[in-house]
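Working notes for the structure below.
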There are 2 protein chains.
Amino acid sequence: MNYSRQRETVYDVLRSTKDHPSADWIYGECKKIIPNIGLATVYRNLEQLVAQGKAIKVPVGQDKDRFDADVSLHVHGACPVCGKVWDEEVSAPLNDALKAECEKNHSDGYSLTFFRVCGECKAKQEQ
Amino acid sequence: MNYSRQRETVYDVLRSTKDHPSADWIYGECKKIIPNIGLATVYRNLEQLVAQGKAIKVPVGQDKDRFDADVSLHVHGACPVCGKVWDEEVSAPLNDALKAECEKNHSDGYSLTFFRVCGECKAKQEQ
DNA sequence: AGCAAAATCGAGAATTATTCTCATTTTATT
DNA sequence: AATAAAATGAGAATAATTCTCGATTTTGCT
């Protein structure tokens with residue numbers, strides 16, 4: 001694998017946010033830095049970052065894939081209305097039980113997402 | 001919401017399996033019962049069943065959406081190689097911790113999937 | 001049963017996210 | 001500087017899903 005400014009930029013952009021962005025948002029941000037970067041390049045590099053273990057795809061059942069540069073095992077929250085994704089802090093007992101289960105069933109990892117209408121969407125619904 | 005044979009068939013097919021099938025597999029099965037059923041009808045009815053709370057979409061980060069007629073909160077396993085999805089039995093402490101967390105953060109539900117290469121794919125890899 | 005309104009359907013077109021192709025450019029090596 | 005391998009940008013191709021629309025089915029009413 002050779003160095004490329006595009007790949008570095010994709011990684012920088014992904015690390016710059018905790019918003020679990022989609023590929024096209026990352027593409028937009030990269031364009032601000034490398035105006036003629038191609039969308040396919042962004043997809044290619046995201047794929048490689050995931051393969052290298054430097055990023056993960058967050059499966060939240062939305063239309064678009066979401067990416068995260070935080071590859072540690074952690075829990076997500078997601079709004080089923082607007083699709084927003086955030087990191088969710090969970091209790092120590094839950095974390096311990098997850099870790100234990102993972103070891104017990106020899107899993108490579110897990111994905112845990114709690115679904116909850118976010119404050120913004122709840123406010124809109126009540127209007 | 002009116003009755004329709006197509007919707008009943010989609011629901012019957014979905015309930016008949018524990019394989020967490022994709023829309024096109026369900027379409028294939030429905031065709032055996034109603035040969036001229038349309039793919040859009042299957043998608044439409046799956047969407048309605050989900051909206052009614054009679055089915056869930058299982059987010060496993062695969063290309064295709066997976067559906068499940070078991071709407072109780074339960075844990076999934078998924079093979080990152082072939083995409084197979086199964087129900088995973090977990091320890092009582094984990095179940096309790098999940099339920100507690102859900103109540104604590106007022107979530108509508110959660111999705112927990114453990115990733116693990118399935119026996120079949122592991123056997124192939126070792127050849 | 002007969003009728004009108006509303007719901008649903010089937011077929012195929014349209015949309016959307018993602019992947020692929022290929023000629024060109026960049027990177028690493030000598 | 002010459003070369004091979006890797007990466008790129010642009011746009012075409014693919015694949016899952018959604019939309020459109022005229023035809024059919026279901027429901028509620030008489």
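- A donor-acceptor pair shorter than 3.5 Å cannot be found between the side chains of N45(A) and Q6(A).
- As rounded to whole Å, 15 Å separates atom P of dT8(C) from atom CG of L46(B).
- Closest to the side chain of A40(B), out of dG9(D), dG12(C), dT18(C), is dG12(C).
- Judged by the 6.0 Å distance and 45° axis criteria, K54(B) is positioned over the aromatic ring of Y11(B).
- Atoms CZ (R66(B)) and C1' (dA16(D)) sit 13 Å apart, rounded to a whole Å.
- By the 30° and 60° cut-offs, the orientation of the rings of H74(B) relative to H20(B) is tilted.
- Within the 4.0 Å cut-off from OP1 or OP2 of dG9(D), at least one side-chain nitrogen or oxygen of Q6(A) is found.
- Checked against dT26(D), dA7(D), dT18(C), the side chain of D65(A) finds its nearest nucleotide in dT18(C).
- Which of dA7(D), dT17(D), dC9(C) sits closest to the side chain of Y43(B) comes down to dT17(D).
- For S4(A), counting side-chain heavy atoms from C-beta on, the closest listed nucleotide (dT8(D), dG10(C), dT17(D)) is dT8(D).
- As a whole-Å value, the separation of D63(B) CG from dC20(C) C1' is 16 Å.
- Straight-line distance from the CZ atom of R7(A) to the P atom of dA5(D): 18 Å, rounded to whole Å.
- Residue D24(B) is classed as having no contact, given no heavy-atom separation below 4.0 Å to the nucleic acid.
- Remark: C1' of dT18(D) and CD of Q62(A) are 16 Å apart, rounded to the nearest angstrom.
- Per the geometry, CD belonging to Q48(A) stands 15 Å off P belonging to dT27(C), to the nearest Å.
- Atom NZ of K31(A) and atom C1' of dG9(D) are 10 Å apart (whole Å).
- Grouping the Ile, Leu, Val, Met, Phe, Trp and Tyr side chains by contacts below 4.5 angstrom, directly or via other members, places I26(A) with L49(A).
- Of all nucleotides listed (dT8(C), dT17(D), dT27(C)), dT27(C) comes nearest to the side chain of Y3(A).
- Take the nearest nucleotide of DNA chain D for N2(B) and for L39(B): the residue whose nucleotide is more 5' is L39(B).
- A cation-pi arrangement is not found for R7(B) relative to Y3(B), the charged atom failing to lie both closer than 6.0 Å to the ring centre and inside a 45° cone about the ring normal.
- T41(A) comes within 4.0 angstrom of a base, heavy atoms only.
- Using a 4.0 Å heavy-atom criterion, one finds that R44(B) contacts the bases of the nucleic acid, with or without backbone contacts as well.
- Looking at heavy-atom distances under 4.0 Å, N45(A) makes contact with sugar-phosphate atoms alone, never a base.
- When heavy atoms are screened at a 4.0 angstrom cut-off, I37(A) is found touching the sugar-phosphate backbone but no base atom.
- Between K64(A) atom NZ and dT18(C) atom P there is a gap of 8 Å when expressed in whole angstrom units.
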